[in-house]
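What follows is a set of notes on a single structure, which appears directly below.
Computed from heavy atoms alone, side chains included, the values below leave out hydrogens, waters and symmetry copies. Letters A, B, ... are given to chains in the order of the sequence lines, protein chains preceding strands, and every chain is numbered from 1.
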2 protein chains.
Amino acid sequence: MNLTTRTGTPLRRRSLHEELTEALREMIVSGQLPMGQKVPEKDLCELYGVSRTPLREALKVLATDGLVNLEPNRGAWVSAITVEDLDEMFPVMAALEALAGELACKQITDDEVEAIRALHNRMLGHYKAGELPEYFALNQQIHEAILAAAHNDTLTVHYRSLSTRVRRGRYMANMTRERWDQAMAEHELILDRLAARDGAALSVILKDHLEKTSVTLRESLLGQQGG
Amino acid sequence: MNLTTRTGTPLRRRSLHEELTEALREMIVSGQLPMGQKVPEKDLCELYGVSRTPLREALKVLATDGLVNLEPNRGAWVSAITVEDLDEMFPVMAALEALAGELACKQITDDEVEAIRALHNRMLGHYKAGELPEYFALNQQIHEAILAAAHNDTLTVHYRSLSTRVRRGRYMANMTRERWDQAMAEHELILDRLAARDGAALSVILKDHLEKTSVTLRESLLGQQGG
DNA sequence: GAAATGAATATATAATGCAAAATTAAAAAC
DNA sequence: GTTTTTAATTTTGCATTATATATTCATTTC
């Protein structure tokens, strides 16, 4: 049998702690494990049918990602996001996304632009239909696609780490109509400048877009904390 | 006994895996564990006199930091840095450091500027004396101080993660005299713009500085790999 | 009755044990 | 002599067990 056509095998097997890390991350992001709550080791072990060793390994990883806090001899807590955290995280995310835009413009192909345009149009549909959750999902995908077009794994890893932490909770849901209109307009600009390969302008727009998103989230989070 | 004068005791105890993580990180950064080499669990357990559980936890953490690679059922390897890695990492570091410069300018105190000036002058001394290792150490401290002045822990964590990965190895050592002169000149500018709280200019200079450093490292690494 | 101490319980950490996989060494076949 | 097979050894992954630490609750003392 000739195997030469088969290129560098991905075929990467996954270990238990890796799968657990992903599963737990998903549970935290989706809110199944609420912020501020203690991570119930025993229950999770039973839920996934594993012993505590791999679970604890997964928690160590999540701790470096900032999704849980480990208190020595006291266990793990799902980390809560404060307004101060957001104020710290968004400038960093904005800088990273601006870079992603710049890099993407340098090498993005027409096909990739068209794929993003397709996502954009679907998002536009959900916007017009007033379907907020679907809008958010597409919005997320577009930002991921820009990141992917930058072809820089390091950038992707760091951006995603922050994005995952921010994306938690449900406080995104209460976005005003005005802000939504504005965000959609910004996305038109993003697509336009990306198609034109105008990296300088795109990075400014992305930075600005994320800054405004930050303000929205901030107020929403404040509203939750205050009331 | 009155204990009220004693302020909130840190006295934060550290667990074994935490200490191990730090120790191993230091071993990797210092080059005691050479890049590309396998990290046998058994040897390290004996070296530190611990069992495999906390060691393995530490390795998981280092893997998320990108300092080691874990291959399922095959163990841990100290991750090697390729030219491609550098090309990925430096734009991200540059973006983060530019942000640090901007943020620092917004709030840095005169005292903090003076502290950095002191570091700068010491570095200048080592530059004039041709003491490269001492120069590097101070150089590192200055960049850390700017980062600290930005007062953004998220930024610090992400920058440091990259900085730690890059700082490894000894390929920094062979810097040309021309590049050294240039780097020192750039540092004069950095200090100048920082003192003037000129965030926009500072971020540009920092970005440029890091880009040039990247070129130097790149060539040095290529020289190592090629010959 | 409130505060403080100490015992009991619960929980977290780290060490050990065992099974599965991979590596190495040796033997057999070509 | 080289390659392939097979066996032995080592190493890793996960579970279990033991120890250390924290928390709770009852008891004592003021």
Side-chain angles (χ1 to χ4, degrees), chain A residues 1-4 8-25 27-28 33-34 36-79, chain B residues 1-4 6 8-25 27-28 33-34 36-65 67-79:
Chain A
M1 179 162 54
N2 183 1
L3 292 175
T4 52
T9 120
L11 206 118
R12 187 179 157 66
R13 226 182 328 172
R14 301 167 54 95
S15 49
L16 210 42
H17 74 88
E18 236 177 318
E19 306 224 27
L20 275 172
T21 304
E22 200 173 298
L24 291 178
R25 186 178 282 126
M27 284 187 86
I28 292 172
L33 288 175
Q37 187 183 290
K38 188 159 159 38
V39 180
E41 270 187 31
K42 202 162 81 69
D43 297 352
L44 288 173
C45 286
E46 286 170 13
L47 178 61
Y48 289 107
V50 298
S51 82
R52 290 180 54 209
T53 306
L55 185 84
R56 288 170 56 80
E57 288 173 346
L59 288 175
K60 302 284 177 297
V61 171
L62 292 175
T64 58
D65 278 355
L67 286 178
V68 306
N69 293 325
L70 297 179
E71 291 187 37
N73 297 320
R74 297 199 54 235
W77 270 260
V78 179
S79 66
Chain B
M1 179 161 55
N2 184 0
L3 293 177
T4 52
R6 184 86 170 76
T9 116
L11 204 117
R12 185 180 155 70
R13 233 184 321 170
R14 304 170 49 114
S15 49
L16 213 41
H17 73 89
E18 236 177 318
E19 307 223 29
L20 275 173
T21 305
E22 200 173 299
L24 290 177
R25 185 178 282 126
M27 283 187 86
I28 292 172
L33 287 176
Q37 187 180 293
K38 186 161 158 38
V39 184
E41 287 179 14
K42 200 165 80 72
D43 298 354
L44 288 176
C45 286
E46 287 169 12
L47 179 61
Y48 288 107
V50 297
S51 80
R52 286 174 53 212
T53 306
L55 184 86
R56 286 170 57 82
E57 288 172 346
L59 287 175
K60 301 283 177 299
V61 171
L62 292 175
T64 56
D65 278 355
L67 287 177
V68 306
N69 293 325
L70 297 179
E71 292 186 36
N73 295 319
R74 298 201 51 235
W77 271 262
V78 178
S79 66

For DNA chain D, whose closest nucleotide is more 5', that of Val50(A) or that of Lys38(B)?
Lys38(B)
Side-chain N,O (Arg56(B)) to OP1/OP2 (dG13(D)) below 4.0 Å:
yes
Got a donor-acceptor contact below 3.5 angstrom from the Ser79(A) side chain to the Gly66(A) backbone?
yes
Donor-acceptor pair, distance only, cut-off 3.5 Å: does the side chain of Lys60(B) make one with the backbone of Leu70(B)?
no
Check: protein-nucleotides 7-9 of chain D nitrogen or oxygen pairs below 3.5 Å:
none

Using a heavy-atom distance cut-off of less than 4.0 Å, which residues of residues 61-69 of chain A contact DNA chain C?
none
Would you say a side-chain N or O of Ser51(B) is under 4.0 Å from OP1 or OP2 of dA14(C)?
no
Within the structure provided, determine whether Leu44(A) and Pro40(A) are in side-chain contact (heavy-atom separation under 4.5 Å).
yes
Remember a base hit wins even if backbone is also touched, and classify Lys42(B) as base, sugar-phosphate or nothing at under 4.0 Å, heavy atoms.
sugar-phosphate
Taking for Ala76(B) and for Arg52(A) the nucleotide of DNA chain D with the nearest heavy atom, the one nearer the 5' end belongs to Ala76(B)
Looking for any heavy atom pair under 4.0 Å, which part of the strands does Lys60(A) touch: base, sugar-phosphate only, or nothing?
nothing
Closest-nucleotide 5' rank along DNA chain C - winner of Thr53(A) and Arg74(A):
Arg74(A)
